[in-house]
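Report on one structure; see the data block that follows.
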Amino acid sequence: MSDLKSQATSPDLVNINPEPDSARQRFWRSVEEREGTAAFLEAVAPEFPQGEVPKTALNRRDLLKLMGASAGLAGITACTKLPAQKIVPYVRQPEEFVPGIPLFFATAMPFNGVGRGLLVESHLGRPTKAEGNPGHPGSLGATDVFGQASVLTLYSPDRAQIPTHLGKVATWEEFIEDLGDHLVDERSSGGKGLRILTGTITSPTLADQIQGLLTDFPQAHWHQYEPCGRDAAREGARLAFGQYVTAVYRLDKADVVVSLDSDFMFGEPGSIRYARDFADCRRLTYPGATSNRLYAAESTPTITGSLADHRLQVRSSAVEALARALAAAVGVAGSGSAEPPAGVSADWLAGVVNDLKAHRGTGLVVTGDHQPPAVHALVHAINQALGNAGQTVVYTAPVEANAIDEMKSLKDLVAAMDAGQVRTLILMGVNPVYSAPADVPFLAAMQKVDFRVHLGLFVDETAAQCHWQVPEAHYLEAWGDVRAYDGTASVIQPLIAPIYNGKSALEMVAVLRGQTYASGHDLVRDYWQRQASGGHLNAGANFEDFWETSLNNGTIEGTTFPVKQVSASVGAIPAAPRPLASDAVELVLRPSTSLWDGSFAHNAWLLELPQPFTKLTWDNALLVSPGTAARLGFKREDMVKVQVDGREITAPVFILPGQTPNSITLHLGYGRTVAGGAGTGVGVNAYLIRTSATPWILTGVQFSKTGTTHHLVTTQNNHLIEQNGQLHEEESDAAFDRRVVRVGTLDDYRRNPAFAQDPPEVNTEAPSLYPNYYDYTKQQYSWGMSIDLNTCIGCNACIIACYAENNIAVVGKDEVDNGRDMQWIRVDTYFRGDLENPEAYNEVLLCQQCENAPCEYVCPVGATVHSPEGLNLMVYNRCVGTRYCSNNCPYKVRRFNFKLYSDFQTPSLFPLRNPDVTVRSRGVMEKCSYCLQRIMEAKIVAERESRSVRDGEVQTACQQTCPTRAIIFGNMNDPSSAVKKLKQQPRDYGLLRDLNTRPHTTYLARLKNPNPEIKG
Amino acid sequence: MAKSPLYGLMAEFETPEQVIEAARRTRDEGYRRMDAYTPFAVEGLPEVVGIHKGWLPTIVLIGGLCGTLTGLLLQWFPNSVGYPLDIGGKPNFSWPAFIPIMFELTILFAALSSLFGMIILNDLPMPYHPVFNAPRFDLASRDRFFLCIESRDPKFNLEGTKDFLIGLNPVDVTEVES
Amino acid sequence: MPQVFHRSMNTISRVSIVGLVMLIGGFFYFCWAVNMSPYYTRAKLQLIQPVPFSHKHHTMDDGIDCRYCHTSVENSSFAGLPPTETCMTCHSQIWTNSVMLEPVRASYATGQSLEWARVNALPDFVYFNHSIHVHKGIGCTTCHGQLGEMPITWKQNTLYMRWCINCHKHPEQFVRKREDVFKPVYNPPKDQIAMGRRLIKEYKIRSLITCDTCHR
Amino acid sequence: MAENDDNLTSTAVVETEEVLAPGHTYRSVSDRISDMVLTWPVGYKWAAGLALAVAMLIVLHLALAVVFTIGVGVWGINIPVGWGFAITNFVWWIGIGHAGTLISAFLLLMRQKWRTSINRFAEAMTIFAVACAGLFPLAHMGRPWLFYWLLPYPDTMGVWPQFRSPLVWDVFAVSTYLTVSLVFWYTGLIPDLATLRDRAKKRATKIIYGIVSLGWRGSAEHWKRYEMCSLLLAGLSTPLVVSVHTVVSFDFTIAILPGWHSTIFPPYFVAGAIYSGFAMVLTLAIPLRRYYHLEDFVTMKHLDFMGKVMLATGLVVAYSYVMEAFMAFYSGSPYDRYMMMNRMTGPYAKVFWTLIFCNLVGPQALWFSKIRRHPWVLFAVSLVVQTGMWLERLVIIITSLHRDFLPSNWGMFYPTRWDYMTFIGTLGLFFTLFYLFIRFLPMIAIHELRDLVHKTEHEKAAAH
């Protein structure tokens, strides 16, 4: 398996579509042959949507059954005779298929319109796992939670499975017919009444198709609206440069990074790459290595801020003032007052400014997409003034195929619909009924359109209001293309035939253009062939080869945008707004760290994913700082009414240390009303108070307690407790007492490299009746892992990767509340210092694979034992479920199937499962295995080739997906292995070594690189 | 109960002292094949009737030792031969961990051998026994003490023995059919 | 009279005690027997197949190599089951109108797969890999029996874990030369143990009995 | 018969200071005890009691049905608190068992006369308690239908139990304990069954008791071996009973958790076991002697002695508590120190202090012989102690688990209704068995009573 991975990274790839399209075409058909489309259609009615566990409420009938069952229980169930099975071969086996060996296909995932390069694992034609594409500039082999979770979306039982007309089941043909009728009169009027609404589109082919459509229908209009789009960034660029450009950061060149309320490592088009580049500049894994320095001024704790060497709490609404002050200080003309906003100490500002000035050309100032255009413009100006432009940040043509002010575009559409000018509305992959700002009455206006068509993966709020709902093809099902953050285009190639015969946006537009039976593949291929023949690409003589290479590499060569020379000025920016009263409370809306803008609301993995810092699952909440909560009299779980000019919602309060005082954050993407079994009714819909004028930062908000409460569930119960007048967080205090997290400054480290080491008495051998019996260093392999706290940003990607790789079950809110979440890997968060403005530390925790594993010797049946290679094995089929191992595990990384959590009911989810990992059933303990299945596969391949496993040949799922490469796994008995080198670092320490557990997972202590100029 | 061969003569007494006395006299008289039946263990009686040390303790000791050995082998075999595994880095033969089970099995085997030893040595179960033919023998489990001289005793003769027993002034003397 | 029982009761009581003990013993023996029986293990059981395929005929009479049909046995966990195509490579030429082969032709024509009754099945939590066994000199017949003598294929062994472990503990008793691996009929040489020991060194065979070898 | 008609308003009883009221003859004791079994119809109070117990037994059936079919998830347990009521109940029931064995075995070795009239039902109590205890290790498993994997037998997989695990030790300890207790109990019963056989009127009854009494005829030779057998069994049971709760305590001490990993546990658990066990004996003895008018046999002296034993073991337990706390701080281990602080001030502090009151403060009343000789007060104390001992096990399990080494693991345990139902259910099982026992078997060892009559007469004779 893993040698295929390594091949997949090399262009001369045998297993990625070596033969002509016809072969691949056949390969899908064989998929259908094998899976049988019928089998998938059986999944139409999901019995238990993922995330819902079978009910435990009992009626009389059940009870009688149960009593009977229990009476006859003893022994009977013990007989486990294998059922008679059928085995079904192909009729014609595709050449590249070797049953039992997965294939990897390079493709790309559009996220917020922008492409994320992926390498997707396919078992017998079933995509089961998405990995980053090492050859893709936006990925470098890593992914984020959304990329990892997208496979579950593909198989989600909630997906729209058949076209519906007015809610009644219909056929694609009927749709075409009906559409045709409407298009006839549109054609006569030049498409005057025809409007198309999409999200942000970077796909060259799709844009080209739409342009084509617009020429067919000159009067028609194409609108774009992305709920969590980058309007501000675009507008900011226009203000600064007079034109739309996209800023691309070069964090690998930046020594000083100043983030003005930016979470650039999450959610932005280049986030994954940025995280990697940023981390590379602070690895400190060799002597004399230097670290970059990050100043983060932010209103709510973000994963970016968690790595900051100086974190400044500032309200989002005050960031503009800060930016102006900074601009003034670095000598940007016309930036307004140089006065930093209240709460920003002068020496902080001075320190930052001096640092930036000291690093001309190697510094970088960034700001977040939720900051107003003015701030973006200022930042551009600052970077230019500091000579960073062209060095650490470059500007390219906008990656959007048609960069516009999307909010305005949406409002135009609504106005037109309201005026009754729209007769035919085609919505593709958008859900504006849910996600339009509250002051844009989309639904009301849309009602006036005679013919409304919605193309979507799910029957959502919008689909429910449309005449036609047409199933959309998932990106793993259809051909397409998409541009990455730097313009690099990738071909989206499908790994499976559309399970529900869904159509891609590309095909939909084709239909609108009358090309009813045009295949997505041909459209994309034709477009790029035209580009090639048009000389826009150096495709060489043979386009076929170029096409194959592009498919194999996952990127189309020569499509990366060239750097643009632009010069910034702040002349055009509006005057500074009146600063918000110091005691007034602002409300900041942010995209959810799990559900983004709500489009992932069906995804049970993401719903159950503990959100960074809050560890909140299955809910969003008003994040309030302890002080502000006290002042407003809010307690955790209080339901609070939030009122903004006439509109109101009620949301629960969550008290979050590190949240900026008088700034409350609420995540978008929750409170869906039509989101299938898992997502419907989870959390609060913040779009209901969002306004088009200030979509992100709301001032003049009224908060009032309703008296009711709403139970919030977290996976790590951080208890805030009052102790002698000061607020403490008991668990964090204990954590630092026990040196669970070890932190030092770069200077400490230089002075005393071993500052993180345990005292000698911990490592010395205690006398024992059992002198060390097994010596793992003598073996060929001794598997170990090193986790670098200095680069881990706690982005959660590893957790979702683990879900996908290890068939981990979702248990639902109630069970998580019972402390029964099944995640094998978790991100622990501890706070240090004053809880009003603490330092937050993330620590990834998974099975530590102790050599003297406490879990093993207490198991009565030997269901957990040790392998000679130092792995702590868990044998599910031997486990009888005494839970003793978990009790005795000091790290509590074991997870128990208290009930039947794995979903054996929903057929559509079966093909998602990783066939190399047992699906655990009721009453069985489970835990991280270092992705044993990958190790074994690699070892078998190595044995066959009579060699030993190479370093890096086996990657654990968490390691492979980690954007910052904070997790390194390998053979500790190989002196040249990366993990061995890391473990030799003086920063290396193990958790609870004093218990003599001898963990094989160790950590590299966190190092801060503070600016001496700044006190405190 | 006509004319079935005689098992012996049964004399009934009211107190343990009497039966001990009677047994001693009977013994001095030269009778050997006799037995006393009492509602509870009367001290000294067995010795008088002519029963001395038994084998039970030895049996129990052997049983116990077997238990220990079983416990040892039971744990040594799987861990060293049957299916050796690395359990938490502990040696295959981690003897201290094996002590509890060895101990328990010792007790178990010893206890069982003591019960079954007693039952077998006492030649139980024996739901039918001639002595039950004695009409008032049900009192033997209540408040009466019986002494029975068996007919197979060489010195036994119906008349003489009966007279001898009456001479011990029991409450009653009866012939016991076998 | 206190006598409750007839004298026969003494014998009866003792016999019944012995009987009870034997009854309990018998019960456990019964459980064991059932577990070992073909009813439970399906070993040596001949299953109804859509086509009465004979390994004996194809391997011995026709001399077709195992790998001609089981193509992936050397590089995948799964040995591979021949697609109808493979059958038709020959049977489009010979026996083209044999009734026995009708299902094969039908499958080829309709594109509907043949549905074979599975002969050798392992539980889902067992991860067996053909390629490595073949590579380490474990022959097909070691587990699947003398296929060259099977007119209709049956499961030769119980495939119980105890059975697997036996070989994993004592590979020298079973390992054979790589060139012999695919022999449809194979009888170990007289000096099996000696040869086995030699091959273990030569093929770097390790006796793997830790759980991760098969369970993941 | 007047004696065993459950009549509360019968003539006032004369309390005696002897272990046996004067004036009893071989016949009187034999008849008095055996009549309780042989007299029909049964008293309605007994029937009512049994009905109640059976009702609770049905609750158990229901609870287990749910646990087995849905999973242990219906209980409040979770990660980190993997064990909850189930193991608490297990340890509690096993502990209760210990008093029975101790009375019958240890006191026999010590030649204590006051053992005679209480050992029989104490032993019965032991067996039933162990039966209840045995349910829990089975029920708390995630996959109970695979329980036999804990037994060493040649299976089709070639694997064996993991003998280093205390849970496997438990299997051996508990099953041995149950077997030996049964053996001991049955041995003691044989002569009494013979008595019942001989006194029974109905033929069927005669036959039944005749079979189970193996044709015991009280021959001198039999008595000799019988005495030897009892003595040996006593000698074996005494170390056994100590070992059993030691092994049970290993379930905790072998683990590395703060609050579990402690060398003081074995003696501390054994003492606690006897403590709660004697409490249970009193809980049973006091109503029994009241409703069956056994004041002649279970006399004030018995209550007094048992009170004293409780006091003594109670003090041992108290010492252990102090020691535990002391070691937690003296050890210097931050984990132990936190665990102890958390017990005393944490979320479960209320439970902890309740148990301290029940086990340490309450029983100090037993210093006063007035209280020891006041049946119903003594009864109350014994109930308090049992509650305390149950809570003790709960506190040990929960507080150690819910906040262990890594703070991010910390959680809480909230019992569900199924937790309570399972516990109440086993009480039902226990009392059902006990009610049947007092109805069908002599609840006092008759032959030993006769022996006692004999001995006391001798003493009188000697006195004169």
Side-chain angles (χ1 to χ4, degrees), chain A residues 54 56 58 63 65-67 69-71 73-78 716-717 730-732 734-735 737-738 740 815 818-820 826 828-830 843 845 854 857-862 878-884 886-888 890-892 894-900 922-925 991-992 995, chain D residues 61-62 64-83 137 140-150 157 159-162 164-168 170-171 251 254-257 260 333-335 338 400-401 403-414:
Chain A
T56 57
L58 297 163
L63 273 182
K65 260 202 253 99
L66 296 188
M67 315 263 296
S70 74
L73 186 78
I76 296 170
T77 36
Q716 183 184 351
N717 356 35
E730 197 175 2
E731 292 162 19
S732 298
D737 293 349
R738 301 172 182 195
V740 171
E815 289 297 90
N818 288 347
R820 298 169 181 180
R826 60 179 203 250
D828 293 342
T829 300
Y830 300 112
E843 183 168 55
L845 207 83
Y857 66 87
V858 296
C859 176
V861 292
R878 177 65 174 171
C879 178
V880 295
T882 66
R883 302 179 300 289
Y884 201 169
S886 168
N887 288 349
N888 207 29
Y891 309 95
K892 291 286 178 289
R894 293 177 156 263
R895 296 290 174 260
F896 187 68
N897 291 272
F898 286 91
K899 294 172 187 164
L900 186 61
R922 188 193 116 199
V924 173
M925 189 62 72
L991 286 185
L992 306 177
L995 301 175
Chain D
H61 185 183
L62 169 56
L64 289 184
V66 173
V67 170
F68 283 152
T69 38
I70 295 175
V72 287
V74 298
W75 290 338
I77 48 175
N78 56 28
I79 308 290
V81 187
W83 288 351
H140 100 294
M141 289 165 76
R143 303 201 289 172
W145 53 90
L146 296 176
F147 69 95
Y148 58 90
W149 281 0
L150 275 76
M157 300 170 285
V159 292
W160 298 83
Q162 204 280 94
R164 294 169 192 80
S165 166
L167 293 185
V168 178
D170 277 345
V171 172
D251 289 351
I254 293 296
I256 62 175
L257 283 180
W260 281 15
S333 148
Y335 313 118
Y338 181 87
S400 305
L401 278 172
R403 291 188 177 178
D404 65 347
F405 299 96
L406 279 192
S408 57
N409 308 333
W410 292 357
M412 290 292 288
F413 169 81
Y414 302 106

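Just so it is clear, the model here is predicted, and its values are computed rather than measured. So that the names make sense, note that chain A is the first sequence line, chain B the second, and so on, each numbered from 1.
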Fill in the blank from the handout: Residue from V858(A), V924(A), N897(A), L845(A) scoring the most non-hydrogen pairs under 4.5 Å with chain D is V858(A)

Practice task
Name the member of R895(A), Q716(A), E730(A), E843(A) that forms the most heavy-atom pairs with chain D at distances under 4.5 Å.
Solution key: E730(A)

With a 4.5 Å cut-off on heavy-atom pairs, point out which of [options] contacts chain A the most.
options	result
Q162(D), R164(D), M412(D)	Q162(D)
S333(D), P80(D), P334(D)	P80(D)
S400(D), A255(D), P137(D)	A255(D)

Which region of [X], side chain (C-beta onward) or backbone (N, CA, C, O), has a non-hydrogen atom less than 4.5 Å from a non-hydrogen atom of chain D, or is it both or neither?
X	result
N888(A)	both
T882(A)	both
V740(A)	side chain
P890(A)	both

Fill in the blank from the handout: When the 4.5 angstrom heavy-atom criterion is applied to V171(D) and chain A, the contacting part is neither

Handout entry: side-chain contact (heavy atoms from CB on, under 4.5 Å) between I79(D) and F898(A), worked out
Key = CA-CA 10 Å; I79(D) 308 290; F898(A) 286 91; 4.1 Å; yes

Completion exercise
Sequence neighbours excluded, the answer for side chain to side chain donor-acceptor pair (under 3.5 Å) partners of S408(D) is R826(A), D828(A), Y830(A)

Short question: side chain of [X], backbone of [Y] - any donor-acceptor pair under 3.5 Å?
X	Y	answer
R143(D)	C879(A)	yes
Y857(A)	I254(D)	yes
R922(A)	T69(D)	yes
R738(A)	Y335(D)	no

Exercise for the section: Check step by step if side-chain contact (heavy atoms from CB on, under 4.5 Å) holds for W260(D) and N887(A). Expected result: CA-CA 11 Å; W260(D) 281 15; N887(A) 288 349; 4.0 Å; yes

Practice task
List in chain and number order the residues that pass side chain to side chain contact (heavy atoms under 4.5 Å, CB included) with D251(D), two or more places apart in sequence or in another chain; answer none if no residue qualifies.
Solution key: Y884(A), F90(D), P166(D), L167(D), D170(D)

Practice task
Identify the residue among N78(D), V72(D), I77(D) that makes a side chain to side chain contact (heavy atoms under 4.5 Å, CB included) with F896(A).
Solution key: V72(D)

Exercise for the section: Take L991(A) and F405(D) through the test side-chain contact (heavy atoms from CB on, under 4.5 Å) and record every step on the way to the result. Expected result: CA-CA 10 Å; L991(A) 286 185; F405(D) 299 96; over 6 Å; no

